[in-house]
Amino acid sequence: MLKIGDLTGLRVLLPKSTKKAKDGTVVERFLKLGKVHNAVFTPGGKRVVGLMVKRPDVVGMVKRDDVFLAWDSFETQDEKTLVITRPDDGMDKAARKRLGIDWDACIIWTGMDARTVAGKSLGYVSDAEVDRKTGRVTRFLTTEGGVSHALIGSFVITADMVR
């Protein structure tokens, strides 16, 4: 299983061009798109549909909009890098249209309060474990805070417990 927290902070590269070197090897050139900072879940909250990529500011001052990257549109290049595999229909509006998702109803679980049906606080959602191929959530991890997480660990909520 893959933890969303393991993807957070990874850099995302967009293929720019390929060129053949003199020795015959193919050299791919990439453009840095940004870094992963959140996962986007379906309105029901039990499947990941994509990632939000924070783009770097222009000249360090002008903030740019985040980019939505569909779950089926990237591969892991190494432990610190994701590469976009579907640049045409794997990002933003084209990806949302292809996936047929209602963007306004999608959920970003990270940091959201977790409560029982009766209203008792369980902390906040700190992470989720998902199947890499399907994006299905197996369990959510909640915690009261950083110190609590370090001392006690996380409280596990399985996907079938989510209401």
* To do: Decide whether Met1 and Ile4 are clustered together by the hydrophobic rule: side chain heavy atoms of Ile, Leu, Val, Met, Phe, Trp, Tyr closer than 4.5 Å, transitively.
  => no
* Neighbour count >12 (heavy atoms, 6.0 Å) for atom NZ, Lys35 -> no
* Nearest-0.5 Å distance, CD of residue Glu75 to CZ of residue Arg86 -> 11.5 Å
* Asked: Same cluster or not: are Ile108 and Leu69 linked, directly or through other Ile, Leu, Val, Met, Phe, Trp or Tyr residues, by side-chain heavy atoms under 4.5 angstrom apart?
  -> no
* Asked: Taking all atoms of both residues into account, what is the closest heavy-atom pair of Ala95 and Gly90, and its distance?
  -> CB-C, 3.4 Å
* Asked: According to the salt bridge (charged side-chain N to carboxylate O under 4.0 Å, His left out) rule, which pairs have a member within residues 125-134, sequence neighbours left out?
  -> Glu129-Arg139
* Do side-chain atoms of Thr85 reach the backbone of Ser73 as a donor and acceptor pair under 3.5 angstrom? -> yes
* Asked: In terms of ring plane angle, is the pair Phe41 and Trp109 parallel, tilted or perpendicular, where the classes change at 30° and 60°?
  -> perpendicular
* Are any side-chain N or O atoms of Ser126 and backbone N or O atoms of Leu141, one a donor and one an acceptor, separated by less than 3.5 Å? -> yes
* Return the set of residues passing side chain to side chain contact (heavy atoms under 4.5 Å, CB included) with Thr76 (not counting sequence neighbours), or none when no residue passes. => Leu82
* To do: Please check if Val40 and Val125 belong to a single hydrophobic cluster, counting links between Ile, Leu, Val, Met, Phe, Trp and Tyr side chain heavy atoms closer than 4.5 Å.
  => no
* Asked: Under a single-linkage definition using a 4.5 Å side-chain heavy-atom cutoff for Ile, Leu, Val, Met, Phe, Trp and Tyr, are Leu10 and Leu2 assigned to the same hydrophobic cluster?
  -> yes
* **Residues which pass side chain to side chain contact (heavy atoms under 4.5 Å, CB included) with Arg96, listed by chain and number, not counting sequence neighbours** => Phe68, Asp92, Lys93, Ile101, Trp103
* Structure fact -> Tightest non-hydrogen contact, residues Gly45 and Phe140, listed as O-CZ, 3.2 Å
* In this structure, are over 12 heavy atoms from other groups packed under 6.0 Å from Asp57 atom CG? -> yes
* **Members sharing Val83's hydrophobic cluster (side chains within less than 4.5 Å)** => Leu13, Phe30
* All side chain to side chain contact (heavy atoms under 4.5 Å, CB included) counterparts of Thr42, not counting sequence neighbours -> Arg47, Val49
* Under a 4.5 Å cut-off applied to non-hydrogen side-chain atoms, are Leu51 and Phe74 in contact? -> yes
* Asked: Counting N and O atoms only, with roles assigned by atom type, does the side chain of Arg98 sit under 3.5 Å from a partner on the main chain of Asp89, one being a donor and the other an acceptor?
  -> yes
* Taking all non-hydrogen atoms of both residues, which atom of Asp66 and which atom of His37 are closest, and how far apart? -> OD2-NE2, 2.8 Å
* Structure fact -> Sorted by chain and number, sequence neighbours left out, side chain to side chain contact (heavy atoms under 4.5 Å, CB included) with Pro56 holds for Arg64
* Nearest-0.5 Å distance, CZ of residue Arg55 to NZ of residue Lys63 -> 10.0 Å
* Going only through I, L, V, M, F, W and Y residues with side-chain contacts under 4.5 Å, is there a path from Val53 to Ile107? -> yes
* Can you list the steps and then say if Met91 with Leu14 is a side chain to side chain contact (heavy atoms under 4.5 Å, CB included)? -> CA-CA 11 Å; Met91 298 185 305; Leu14 181 65; 4.1 Å; yes
* Measure the spacing between NZ of Lys80 and CZ of Arg11 and express it to the nearest 0.5 Å. => 8.5 Å
